[in-house]
Every structure is written in structure tokens, then in C-alpha cells.
J.: 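Okay, handing you the structure first.
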2 protein chains.
Amino acid sequence: MVHSLTEENYLKAILSLSNENGQVNVNHLSKHLSIKMPTVTAMMKKLHSKKLVQYEAYKPLKLTDKGKKVAALVVRKHRLTEMFLVEKMGFGWEEVHDIAEQIEHIQSTEFFNKMDELLGFPKLDPHGSPIPDKHGKMVWKEYAKLSDCKKGDRVKLTAVINTSEDFLKLLNNKGLHLGSVLTIKAVEAFDGSMVVSYEKHTSETLSQVVCDRIRVEII
Amino acid sequence: MVHSLTEENYLKAILSLSNENGQVNVNHLSKHLSIKMPTVTAMMKKLHSKKLVQYEAYKPLKLTDKGKKVAALVVRKHRLTEMFLVEKMGFGWEEVHDIAEQIEHIQSTEFFNKMDELLGFPKLDPHGSPIPDKHGKMVWKEYAKLSDCKKGDRVKLTAVINTSEDFLKLLNNKGLHLGSVLTIKAVEAFDGSMVVSYEKHTSETLSQVVCDRIRVEII
DNA sequence: TTATTTTGTTAGATGACACTAACAATATAC
DNA sequence: GTATATTGTTAGTGTCATCTAACAAAATAA
Ligand SMILES: [Mn+2]
Ligand SMILES: [Mn+2]
Ligand SMILES: [Mn+2]
Ligand SMILES: [Mn+2]
């Protein structure tokens, strides 16, 4: 069966909210999608009747296995697209999310399989997030938040948890990218900001909001 | 202003019908799009109110200059996409139309400009049709129909007027492609079929329906 | 020139997806 | 444990793009 662009966006949103927050309710979803709650409720009933979502009034939302798979396959198309745009078309990692948000709804398995092949079957997208396989299987390697690290830690930047243009441009401006190796020189108790050094940068300050969205491997 | 996918498809259809048939009426459009006439009438009123189509009840349909430009820019996106799929992604010319039909509606000028650049600003798509420029300007070089040629003519295949998978597979099966140089050995008066030779093929028969859809340059 | 066929319009309905207003249930604060 | 705030549902509307049924105009044939 094929699903509408709208349905795909709802399913993807539920998957991503449940990955980051655990529970998902109508209100979260409503805010995340900028769609009013009554509309969300109506769509949940529809997706429930299609057996994509477990929905009971006033209870938290859950994807069924079927719904999880559909959502993961949309995520696959999104992340393959972002990778293709960066690796094969020369876009910056800060430019690709909005385009991928549209292309993820193209209906053509050959198109995405060709991307996959041309990219050499990548495991991660340009922001360090895992690309689900053809069956919707996704392996999330558990990384640490930069904001949870301590003074003196040496860490490698492995993923970013926000793909907005503004956030990624900030990282570009500071010369930070996936693979950057940082040393934490100080953690400010007052505002949670960190002073770090990496490559040619001997002392850069990152605010807590920024550190919260950066994932690292401690090395 | 931005136009819906549906509106874009109507505008493109009017442009392409007026290029091939001269006049366009509600009935043609209805058949071309497989959409019932009352729906087409309603959309013509809407596009008229947006000043994209000149519409008066019972009169033939005409694009305004504004409508022509919008339509041509959709055609540009379609043809750039087809070219990109063939040249950069390794698809066959028979596989790309349906994918391009979807991707032509992606909203991102940078995406299509990047394609254009990576392709080296091509003038023609994989089927020999001209790619409109950024302003919607399209130059149609006037080619002859193969079916209008005479016995003894030597011609170069320059374009195909149908991009259905079945038609292009037939050409693939006969080893015909853009650039093939054919010699017309016979024209059958009975059914309009032609016997031609080219490359390693000393004698192939092409039916009139096929010859009608092939454009050539006489050399 | 009248009859028939083809083409086009109007009217009314539907499904998908959004909204606001009003009310109801659940969670939190006092 | 009641009061308040938050979250969620129901009911009723609206827009977009589609449809069918019925009728009307224009083109074609007899
Ligand atoms: Mn993204
Ligand atoms: Mn999307
Ligand atoms: Mn095409
Ligand atoms: Mn299209």
C-alpha cells in the first residue's frame, strides 16, 4: 500500500519524537508538526484504522511494527537524499534538510536504491545519523552528549541532533564538523557553556544549547 | 507566488498540447490528464483568476505570458531531472520520465541550478527536447518527422516525441538511440511503415506509429 | 436545415486535510 | 482534596481537487 505525503510526515514525526523523548502524545506531535491538536487526533484515528499507529483516546501514541517500518523507510529516503546532496551534488550539510524533506516523498524505489549504490551503501548521513536499511532496520549507536562530558575529556564529534540551517551555520563558522576532535578545557557551572580546543582553534566557547545538540565519542 | 503540484501539471499540459496541436480545449486537456471535464473547467476558472490562463466559456484555452513562463519553468525542472538521472545516475532514457514527473515539483531553485551546473548547462534532454533556460525561454529547433521522409533519405535521429517506457524499450530493442544515422530503404504505401538501415542493422522495419514519433535531421 | 454527436458548463457530493470554538479528561499545584 | 492548568476530544467549517448527473452550446452529419 502507498501512503500520502501527509501520512508519511506524521509517521516520521512519531518515530523521531519517540526516539528522542520516549513517549509521544498528541500535544508533542501537534507542536512538532505545527498542526493543531484536533487535526492530529483525526489523523491518529485514520492511522489507527490503517494499523500504522496504536491509538486510544487520552493514551500516549505508539507506532505499530508496520508503522515503524513505513516511518523508517521514509527516514531512509530522507537520509540517503541528504547524503547524496552533500556527497554527489556539492551542497553543504546546512543546506540539505529542507530539500530532503520534499524528496523523501518521491515514489520510486529504484531512485533511492541508485542513490544508495552510487554512495557505496553509506551507514550514516551527513549529520551522523544512521541510515535505515531496505527493510527499515536502523542501528542507533549510543553516543554521549557533549554537554555531559567533563573538563579534560578528549572527544570526537560524531553526530548533530539538530539539522536547522542556523545551528549548522554556527558550527561552520567555528570550523566544527563531523570528525572534529575536541579537548574540553573548561565547563562553566553558571551557564553550562564549555571552552574547547580543536585543530587550529585553541579556545572556543560553545553555549549549553549548542553542546546539548552535539554527540561525541570519548577517545 | 508558488503554485500547487496540481496547478503546475495543468499548466505544463496546456503548454505541451499547444506545442503539438496548436489549439487546446477542455476536452483535450481532460483526456491528456485523465481528469473529467467538469474538474478541468473548474481549474481553468481558478487559473484564469490567477492570470495564468485566458479562459472564456466555450473558447479554446490559452496560457498568458505569466502562465507560459510558469509552465516552461516546470518543463525545465522536468528535463534537467531526466538529464541528471541519465547522465549522473545511470538510468536508461526509458526509466526517467515517471521519476521526473514527481521531482519537477520540488521547490528549490538551488537544487535544479546545481543539476544544471553539474550537467554543464545542457541544451537538450535525453529525448532530444530542449531545456528551457532560467527565464523560461525555450528554443524549439524544427525537425522533420521520420514518417514524412522519402525513400533514399539519409537522416539523423534527433528527438523522440513520446517518452513512454514501452516506446523507448522498442527503440532500445532495435538498437536505436539519439544520433543514430538511418537510411530509408523503402516506404510501404499500404501501412506507412518504413524499412531502414543503420549501424549493424541492414534492414529493420518501423511501423508508422513509431515513425510518427521520431524526429530527424536530413543529412 | 434539422437531427445527432461532441464538447462544455452547472449543480451537487465526496474525501483529504486543515482550522476554531466549546467542552471533557487528566495532571499539577495549592 | 479541591482548584487550576494542561492536554485531548467533539462538533462544525473551509479549501482543494476530484467525481457524477443533468443540462446547454457548438460542431457535424443527414
Ligand atoms: Mn534532515
Ligand atoms: Mn517530508
Ligand atoms: Mn519526460
Ligand atoms: Mn508532474
Side-chain angles (χ1 to χ4, degrees), chain A residues 1-14 17-18 20-63 67 70-71 74 101-102 104-107, chain B residues 1-14 17-18 20-63 67 70-71 74 101-102 104-107:
Chain A
M1 202 199 289
V2 1
H3 309 95
S4 71
L5 179 150
T6 309
E7 290 171 353
E8 288 190 342
N9 282 338
Y10 275 93
L11 293 171
K12 192 162 65 96
I14 298 172
L17 286 176
S18 65
E20 58 193 61
N21 301 355
Q23 277 212 345
V24 190
N25 57 36
V26 171
N27 199 268
H28 294 152
L29 206 45
S30 166
K31 280 173 181 146
H32 186 81
L33 294 169
S34 305
I35 287 174
K36 296 290 183 292
M37 282 200 291
T39 310
V40 172
T41 299
M43 181 57 79
M44 290 309 104
K45 287 178 175 173
K46 184 182 178 194
L47 293 177
H48 176 72
S49 80
K50 287 187 152 195
K51 305 210 189 295
L52 294 163
V53 167
Q54 270 178 253
Y55 168 77
E56 277 182 276
Y58 304 107
K59 297 260 176 75
L61 303 166
K62 271 199 73 178
L63 291 174
V70 173
V74 178
E101 201 59 47
Q102 300 177 64
E104 68 188 3
H105 306 291
I106 298 293
Q107 277 168 355
Chain B
M1 204 199 289
V2 359
H3 308 94
S4 72
L5 179 152
T6 309
E7 290 172 353
E8 289 191 342
N9 282 338
Y10 275 94
L11 293 171
K12 191 160 67 94
I14 299 172
L17 286 176
S18 66
E20 57 193 63
N21 302 353
Q23 276 212 347
V24 190
N25 56 35
V26 172
N27 198 259
H28 295 152
L29 204 46
S30 166
K31 281 173 181 145
H32 186 80
L33 294 169
S34 306
I35 287 173
K36 296 289 183 293
M37 283 199 293
T39 310
V40 173
T41 299
M43 181 57 78
M44 289 311 103
K45 287 177 175 174
K46 184 182 177 194
L47 293 176
H48 176 71
S49 80
K50 286 186 151 196
K51 306 210 191 295
L52 294 163
V53 167
Q54 269 178 252
Y55 168 76
E56 276 184 277
Y58 304 107
K59 297 258 175 76
L61 303 165
K62 272 199 73 177
L63 291 174
V70 173
V74 178
E101 202 57 49
Q102 299 177 64
E104 69 189 1
H105 306 291
I106 298 293
Q107 277 169 355

J.: Report the distance from atom NE2 of A/His3 to atom C1' of C/dC17, rounded to the nearest whole Å.
T.: 17 Å

J.: Which is true for A/Lys59 with a 4.0 Å heavy-atom rule: it touches a base, it touches only sugar-phosphate, or it touches nothing?
T.: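 Touches nothing.
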
J.: To the nearest 0.5 Å, what is the distance between NZ on A/Lys36 and NZ on A/Lys31?
T.: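 A/Lys36 NZ to A/Lys31 NZ: 11.0 Å, rounded to 0.5 Å.
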
J.: Would you say B/Lys46 reaches D/dA17's phosphate, i.e. side-chain N/O to OP1/OP2 under 4.0 Å?
T.: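 Yes, within the criterion.
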
J.: What string of B, S and - do you get for nucleotides 20-29 of chain D, 5' to 3', if B is base contact, S is sugar-phosphate-only contact and - is no contact with any protein heavy atom under 4.0 Å?
T.: BB---S----

J.: Can you tell me how far P of C/dT7 sits from CG of B/Leu61, to the nearest Å?
T.: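 Atom CG in B/Leu61 sits about 14 Å away from atom P in C/dT7.
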
J.: Specify the separation, in whole Å, of atom NZ of B/Lys45 and atom C1' of D/dT15.
T.: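 Value for this atom pair: 17 Å.
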
J.: Measure from CG on A/Leu5 to C1' on C/dA16 and round the result to the nearest Å.
T.: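 Between C1' of C/dA16 and CG of A/Leu5: 12 Å.
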
J.: For B/Met44 and D/dT18, give me the distance from atom CE to atom C1', rounded to whole Å.
T.: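 Those two atoms, CE and C1', are 14 Å apart.
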
J.: To the side chain of A/Ala57, which of D/dT10, D/dT9, D/dA17 is closest?
T.: D/dT9

J.: So how far is it from B/Ile35 CD1 to B/Thr6 OG1, rounded to the nearest 0.5 Å?
T.: 7.5 Å

J.: Quickly work out the B/Ile35 CD1 to D/dC19 C1' distance and round it to whole Å.
T.: 11 Å

J.: In Å, rounded to the nearest 0.5 Å, how long is the span from CE of A/Met44 to CG of A/Asn25?
T.: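 A/Met44 CE to A/Asn25 CG: 11.5 Å, rounded to 0.5 Å.
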
J.: In Å and rounded to the nearest 0.5 Å, what is the CG to CD distance from A/Leu61 to A/Glu56?
T.: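 Those atoms lie 11.0 Å apart.
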
J.: For DNA chain C, whose closest nucleotide is more 5', that of B/Tyr55 or that of A/Ser4?
T.: B/Tyr55

J.: With nearest nucleotide decided by heavy atoms, which residue, A/Ser34 or B/Lys31, maps closer to the 5′ end of DNA chain C?
T.: B/Lys31

J.: Would you tell me if any nitrogen or oxygen in the side chain of A/Tyr10 comes within less than 4.0 Å of OP1 or OP2 on C/dA16?
T.: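 A/Tyr10 to C/dA16 OP1/OP2: no side-chain N or O under 4.0 Å.
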
J.: Which nucleotide wins on minimum distance to the side chain of B/Asn25, given the candidates D/dT18, C/dT10, C/dG8?
T.: C/dG8

J.: Count the heavy atoms of every other residue, nucleotide or ligand shown that sit under 6.0 Å from NZ of B/Lys50, and state whether that count exceeds 12.
T.: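 Result for NZ/B/Lys50: enclosed.
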
J.: So does B/Thr41 get a side-chain nitrogen or oxygen closer than 4.0 Å to the phosphate oxygens (OP1/OP2) of C/dG8?
T.: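 For B/Thr41, the contact criterion (side-chain N or O under 4.0 Å from OP1 or OP2 of C/dG8) is not met.
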
J.: Would you compute the distance between atom CD of B/Glu101 and atom NZ of B/Lys12 and round it to the nearest 0.5 angstrom?
T.: 3.5 Å

J.: Tell me the interatomic distance from A/Gln23, atom CD, to D/dT7, atom P, rounded to whole angstroms.
T.: 13 Å

J.: Nearest 0.5 angstrom please: B/Tyr58 OH to B/Tyr55 OH, how far?
T.: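 The OH atom of B/Tyr55 is 8.0 Å from OH of B/Tyr58, to the nearest 0.5 Å.
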
J.: Atom CG of B/Asn27 and atom C1' of C/dG8: how far apart are they, to the nearest Å?
T.: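 Going from B/Asn27 (CG) to C/dG8 (C1'), I get 9 Å.
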
